[in-house]
Q: 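Here you go, one structure.
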Amino acid sequence: REPLRELLELPGARNRTMARARALLAQAWLGYVRGDVDEVEHVVDEVLSIARELGSVQAAGRALSILGTTLSSYAEQFERTEAVLQESLELSRPLGDTWSIGFALYSLGTLAMRRARLDELRRHLGQLVLGDVALHPLVGVGGEDAALGQRPLQRALHFLERLPELLHAG
C-alpha cells in the first residue's frame, strides 16, 4: 500500500493523466480489500475528477463500481450504494466493460442480500450468470466447479430458487 501511495506522490505522477487514474483505481481497490471506506471515497473522488477532465467514461464507471462494491460490503448507506452501483452500470454497459458490470451486479446482489431482498438478489446474480457478463470471473473460475458442471453463482441461484421449498419443508 505505502509504495503505491509514495509513487503517486512523485512529481511526475501528480499529473492528471489516465496513468494516474489507473494507479488510483488500484489504490481504491486496495482500500476496498482493507475495508477502508474513507480511503476509497477519497481516492474515487480524485479518479472521477480526472475522468471528467479527460472524458474517460470507463474510468468513471470503474471508480463507481469500486466505490459501490466497498459500500455494499462495509457501509449501511443502502440507498446511496444502490445509486452508485446503478450509475456504474449506466456508464459501463454501453462500453461492454464486463469488469465494472460484473462487480456492480455482484455488489447489487450483496446489497440485496444484506437487505434480505431475495428477489433482487436472484435478479442481480441471474444477470451475472445469464446476462451481460456470462464470462465474468465471478461466475466461475474452473477447477472443481467446472468438474461439477456448475459455476458458483449458478449453484447460488439454484439454492435461492429452492429456498422457499426448503424453508417450508423444515
Side-chain angles (χ1 to χ4, degrees), residues 1-10 13-14 16-52 54 56-93 95-117 120-121 124-125 127-129 132-146 151-157:
R1 169 183 147 174
E2 293 306 316
L4 180 57
R5 184 171 286 153
E6 289 173 17
L7 285 172
L8 285 166
E9 295 305 317
L10 292 173
R14 293 177 151 253
R16 296 175 64 79
T17 63
M18 279 309 299
R20 180 171 179 81
R22 282 190 213 90
L24 288 167
L25 286 170
Q27 183 178 354
W29 187 254
L30 291 173
Y32 157 70
V33 170
R34 286 190 310 276
D36 190 338
V37 175
D38 291 335
E39 179 184 4
V40 172
E41 288 184 308
H42 174 75
V43 172
V44 163
D45 283 346
E46 185 175 352
V47 174
L48 291 173
S49 175
I50 293 171
R52 278 191 293 275
L54 301 178
S56 177
V57 176
Q58 184 181 36
R62 288 191 176 198
L64 290 169
S65 185
I66 293 169
L67 176 59
T69 297
T70 304
L71 294 172
S72 75
S73 295
Y74 303 112
E76 301 295 323
Q77 304 168 21
F78 298 143
E79 289 77 21
R80 176 180 177 226
T81 303
E82 187 171 9
V84 166
L85 291 166
Q86 290 296 343
E87 185 177 356
S88 174
L89 286 173
E90 289 171 17
L91 294 174
S92 302
R93 277 189 166 134
L95 302 175
D97 182 359
T98 58
W99 190 94
S100 296
I101 296 166
F103 277 102
L105 289 172
Y106 182 83
S107 298
L108 283 166
T110 300
L111 184 62
M113 183 175 58
R114 292 185 67 203
R115 296 165 101 178
R117 296 181 176 175
E120 287 180 28
L121 174 61
H124 296 306
L125 295 185
Q127 288 177 42
L128 270 172
V129 174
D132 338 60
V133 283
L135 300 178
H136 191 276
L138 288 171
V139 177
V141 292
E144 180 183 325
D145 294 323
R151 304 284 192 213
L153 289 178
Q154 288 170 323
R155 287 198 314 269
L157 280 173

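No hydrogens, no waters, no symmetry mates; every other heavy atom, side chains included, goes into these values.
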Q: Parallel, tilted or perpendicular for Y32 and Y74, by the 30°/60° rule?
A: tilted
Q: For the residue pair L105 and H124, what are the closest heavy atoms and their distance?
A: O-CB, 3.6 Å
Q: Output the distance between atom CZ (R62) and atom CG (L67), rounded to the nearest 0.5 Å.
A: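 Result: 16.0 Å between the selected atoms.
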Q: Ignoring hydrogens and geometry, is there a side-chain-to-backbone donor-acceptor pair from S49 to D45 under 3.5 Å?
A: no
Q: For the side chain of R114 and the backbone of A75, is there at least one donor-acceptor N/O pair under 3.5 Å apart?
A: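 Checking the backbone N and O of A75 against the side chain of R114, a donor-acceptor pair under 3.5 Å is found.
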Q: Report yes or no: does T81 contribute a side-chain atom to a donor-acceptor pair with the main-chain N or O of Q77 at less than 3.5 Å?
A: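 Such a contact is found between T81 side chain and Q77 backbone.
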Q: When you compare the side chain of V47 with that of Q27, does any pair of heavy atoms fall below 4.5 Å?
A: no
Q: Would you name the heavy atoms of V40 and A28 that are closest together and state the gap between them?
A: CG2-O, 3.4 Å
Q: Measuring from atom OG of S107 to atom CD of E82, what distance do you get when rounded to the nearest 0.5 angstrom?
A: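 Nearest 0.5 Å value for the OG-CD distance: 12.0 Å.
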Q: CG of L91 to CG of D97: how many Å apart, nearest 0.5 Å?
A: 10.0 Å
Q: Quick one: does I50's side chain get under 4.5 Å of L24's, heavy atoms only?
A: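 Yes; the side chains approach each other to less than 4.5 Å.
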Q: Atom CD in E120, atom CZ in R115: separation rounded to 0.5 Å?
A: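 That separation rounds to 6.5 Å.
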Q: Kindly indicate whether the side chain of L30, heavy atoms from C-beta on, has any atom under 4.5 Å from the side chain of D36.
A: no
Q: Would you give the length of the straight line joining atom CD of E46 to atom CG of L25, rounded to the nearest 0.5 angstrom?
A: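 If we round to the nearest 0.5 Å, E46:CD and L25:CG are 10.5 Å apart.
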Q: Taking side chain as C-beta onward, heavy atoms only, is S65 less than 4.5 Å from T69?
A: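 They are in contact (side-chain heavy atoms under 4.5 Å apart), so the answer is yes.
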Q: Of all the heavy-atom pairs spanning L64 and S88, show the shortest one and how long it is.
A: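 For L64 versus S88, the nearest heavy atoms are CB-CB, 3.8 Å.
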Q: Would you indicate whether the side-chain heavy atoms of L108 and L89 approach each other to under 4.5 Å?
A: yes
Q: What are the two closest heavy atoms between A51 and A60, and how far apart are they?
A: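 Smallest heavy-atom distance, with atoms named: CB-N, 3.8 Å.
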Q: Does the T110 side chain pair with the main chain of Y106, one donor and one acceptor, at a distance under 3.5 Å?
A: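 Yes, the answer is positive, given that a donor and an acceptor are paired below the 3.5 Å cut-off.
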Q: Once you round to the nearest 0.5 Å, how far does CZ of F78 lie from CG of L71?
A: 10.5 Å
Q: Could you tell me which non-hydrogen atom of G31 sits nearest to which non-hydrogen atom of E39, and how far apart they are?
A: CA-OE1, 3.9 Å
Q: Tell me the closest heavy-atom pair linking G109 and L121, and the distance in Å.
A: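 Heavy-atom minimum between the residues: O-CD1, 3.1 Å.
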